Number of protein chains: 2
Amino acid sequence: MSMKGREVILGILQGGPHTGYEINDILQTRLSHFFDATFGMIYPTLKKLEAEKLVTKQQISQTDRPNKNIYTITKAGQAAFSKAISEPTSDEILKSDFLMHLYFSQDLPTEQVALFFKEEISRKEAKLATLQAQLATWLENGMTDRQQITFDYGIAYYTATLEVLKKAAKSIAS
Amino acid sequence: MSMKGREVILGILQGGPHTGYEINDILQTRLSHFFDATFGMIYPTLKKLEAEKLVTKQQISQTDRPNKNIYTITKAGQAAFSKAISEPTSDEILKSDFLMHLYFSQDLPTEQVALFFKEEISRKEAKLATLQAQLATWLENGMTDRQQITFDYGIAYYTATLEVLKKAAKSIAS
DNA sequence: ATGTACATGTAAGCGGTTACATGATTCA
DNA sequence: TGAATCATGTAACCGCTTACATGTACAT
């Protein structure tokens, strides 16, 4: 079994105490090319983790901004995380709704397929830009060599697939 | 919302009647780089689809092999599929347990990380080989130009990521 | 006026996973 | 003798999605 939201959140908290909002931010900017998270998953998971005593919550009252909860990993949490990270890795999974549409698009008009391409290319370019924009800040705040590999992987993945997409988009238009 | 198992199975049945076993085979060989399916999902989905009258079942008794059920899409099923395929496409999602391990691997010994790399490279090479091996048969049985793009995408994706992985594996070993 | 950043939560339910159960035939 | 191919299913459960609910401050 692969690492779930539970273990991923513990992993982020290993790097220091954070609020749910900050956890989401890290996930969206640095891990978004290989994990997808939403608040709907983050907050309930944090609650469960607290109930299991794998993290502790510190409530901070703020006047100008909404109150916040800062979560800190416990010893038990660190043990749970160490165990998870040592487990063998499982298969990578790619789910592409765009490729699925394309695969079964025989009865769709060219214009509609062209629109699907346009949208997928935009989304990927945006994702690539977000990742590239992160590099500077990330290097300043401390990026390990191993994390750099996950970054390179993301760049290569977006670059290679965008190239196929752009070539194909041209060919179907003609 | 993206296409779920339900719509994917309807899409395959648009191409002709099939058993659950055959549906799995198509999914594993031609769509495995952008969709993941298991029997645990296929059979229950087929059952629901039949209950909703989107497909019909024909039972075939066999003596030398297990009996089988051949499913055929109905008009209502075709309508449901047409609707689904016309919907806008949603974001691609990549889940990589390997990259997650790598991202959080600071406390793991080099040898263990090296093993993770080795396993991930093997898995990806196997996937790439399966896809490439399909090409000939697929072209014979009829492959649309649009399906060819999904194939090219898979090859590019595996090739580019394998390259990053192989380079990185060398660098961490030293 | 509109959007973005900050900030947290719940309830219902879906869609899939995991584990189990069965069994003949053919090929190496 | 073991593995692969053919072939189908169920039951329990989990993990996440979706939709909803709320509110301030600041910038454009």
Side-chain angles (χ1 to χ4, degrees), chain A residues 1-10 17-29 32 35-52 55 57-71 84 87 90-91 93-95 97 100 126 130, chain B residues 1-10 17-29 31-32 35-52 54-55 57-71 84 87 90-91 93 95 97 100 126 130 133:
Chain A
M1 270 166 257
S2 66
M3 289 173 75
K4 310 289 182 203
R6 207 184 127 75
E7 287 83 25
V8 175
I9 289 177
L10 287 176
H18 289 290
T19 64
Y21 192 84
E22 288 166 353
I23 290 171
N24 180 66
D25 193 56
I26 294 169
L27 255 14
Q28 300 306 325
T29 52
S32 75
F35 190 74
D36 85 300
T38 56
F39 284 123
M41 169 252 149
I42 297 168
Y43 290 120
T45 302
L46 246 9
K47 203 183 175 181
K48 277 173 217 155
L49 250 18
E50 198 201 352
E52 292 174 58
V55 305
K57 177 168 76 176
Q58 189 196 351
Q59 287 171 291
I60 308 281
S61 295
Q62 299 185 127
T63 47
D64 56 333
R65 288 181 189 175
N67 295 339
K68 62 181 178 181
N69 305 326
I70 300 179
Y71 292 91
E87 296 275 313
S90 33
D91 251 64
I93 292 167
L94 176 64
K95 291 212 177 200
D97 195 42
M100 193 57 82
T130 303
Chain B
M1 272 165 254
S2 67
M3 289 173 75
K4 310 287 181 205
R6 203 185 131 76
E7 288 83 24
V8 175
I9 290 177
L10 286 176
H18 289 290
T19 64
Y21 191 85
E22 288 166 352
I23 290 170
N24 180 66
D25 192 56
I26 294 169
L27 256 14
Q28 301 305 327
T29 53
L31 292 88
S32 75
F35 191 74
D36 86 300
T38 55
F39 284 125
M41 169 251 150
I42 296 168
Y43 290 120
T45 301
L46 245 10
K47 204 182 174 183
K48 279 173 216 155
L49 250 19
E50 198 201 352
E52 294 175 56
L54 300 180
V55 304
K57 177 168 75 175
Q58 189 197 351
Q59 287 172 288
I60 308 281
S61 294
Q62 299 184 127
T63 48
D64 56 332
R65 288 183 189 173
N67 296 340
K68 62 181 177 182
N69 304 325
I70 300 179
Y71 293 91
E87 295 275 313
S90 33
D91 252 64
I93 292 167
K95 292 213 176 198
D97 195 42
M100 192 59 80
T130 304

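Just so it is clear, the model here is predicted, and its values are computed rather than measured. What's counted below: heavy atoms across the whole structure, side chains too, no hydrogens, waters or symmetry copies. Naming: A, B, ... by sequence-line order, numbering from 1 per chain.
Taking atom CG of residue B:Leu10 and atom P of nucleotide C:dG15, one finds them 13 Å apart after rounding to whole Å. Look at NZ on B:Lys48: it is 12 Å from C1' on C:dG13, rounded to the nearest Å. Taking atom CG on A:Asn69 and atom P on C:dA7, their separation rounds to 11 Å, with Å as the unit. In this structure, CE of A:Met1 is placed 9 Å from C1' of C:dT17, rounded to the nearest angstrom. We find that CZ of B:Phe35 is positioned 10 Å from C1' of C:dG15, with the value rounded to whole Å. We find that CD1 of B:Ile23 is positioned 9 Å from P of D:dT8, with the value rounded to whole Å. At whole-Å resolution of the value, CG in A:Asn67 and P in D:dA25 are 13 Å apart. Atom CD in A:Glu50 sits roughly 16 Å away from atom C1' in C:dT10 (whole-Å rounding).
Closest contact between the side chain of A:Tyr43 and the listed nucleotides C:dT8, C:dT10, D:dA7 involves C:dT8. You'll find that the side chain of A:Lys68 is closest to C:dT8, out of D:dT10, C:dT17, C:dT8. Here the nucleotide nearest the side chain of A:Lys4, chosen from D:dT8, D:dC16, C:dT25, is D:dC16. Nearest nucleotide to the B:Tyr21 side chain, out of D:dG15, D:dT17, D:dC6: D:dC6. Out of C:dG15, C:dT10, C:dA7, the shortest distance to the side chain of A:Pro44 is found at C:dT10. Residue A:Pro66 places its side chain closer to D:dG23 than to any other of D:dG23, D:dC6, C:dT18.
Note on B:Thr19: only backbone sugar-phosphate atoms sit closer than 4.0 angstrom, heavy atoms only; bases stay farther off. Backbone-only contact: A:Asp36 has heavy atoms under 4.0 Å from sugar-phosphate atoms and none from a base. Within 4.0 Å of B:Tyr71, counting heavy atoms only, lie sugar-phosphate atoms of the nucleic acid but no base atom. A:Gly40 comes within contact range of at least one nucleobase, with a heavy-atom separation under 4.0 Å.
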For A:Leu10 and A:Val55: C-alpha separation, side-chain torsions, deciding distance, then whether side-chain contact (heavy atoms from CB on, under 4.5 Å) applies.
CA-CA 8 Å; A:Leu10 287 176; A:Val55 305; 3.9 Å; yes
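Close to C:dA7, at under 4.0 Å from its OP1 or OP2, lies no side-chain N or O of A:Asn24. Residue B:Gln62 places none of its side-chain N or O atoms closer than 4.0 Å to OP1 or OP2 of D:dC6. At the phosphate of C:dT17, OP1 or OP2 sits under 4.0 Å from a side-chain N or O atom of B:Thr38. For C:dT10, the OP1/OP2 oxygens have a side-chain nitrogen or oxygen of A:Lys47 closer than 4.0 Å.
The distance from atom CD of B:Gln62 to atom CG of B:Asp64, rounded to the nearest 0.5 Å, is 6.5 Å.
Checking side-chain atoms of A:Asn69 against main-chain N and O of A:Gln58 turns up no donor-acceptor pair under 3.5 Å. A donor-acceptor contact shorter than 3.5 Å links the side chain of A:Gln28 to the backbone of A:Ala37. Between the side chain of B:Glu7 and the backbone N or O of B:Lys4 there is at least one donor-acceptor pair closer than 3.5 Å.
Closest-nucleotide positions on DNA chain D for A:Gly5 and A:Thr63 were compared, and the one nearer the 5' end corresponds to A:Gly5. Nearest-nucleotide positions on DNA chain C place A:Ile70 closer to the 5' end than the other of A:Ile70 and B:Arg65.
Contact record, A:Pro17 with A:Ile70: CB-CG2, 3.7 Å, taken as the closest heavy-atom pair.
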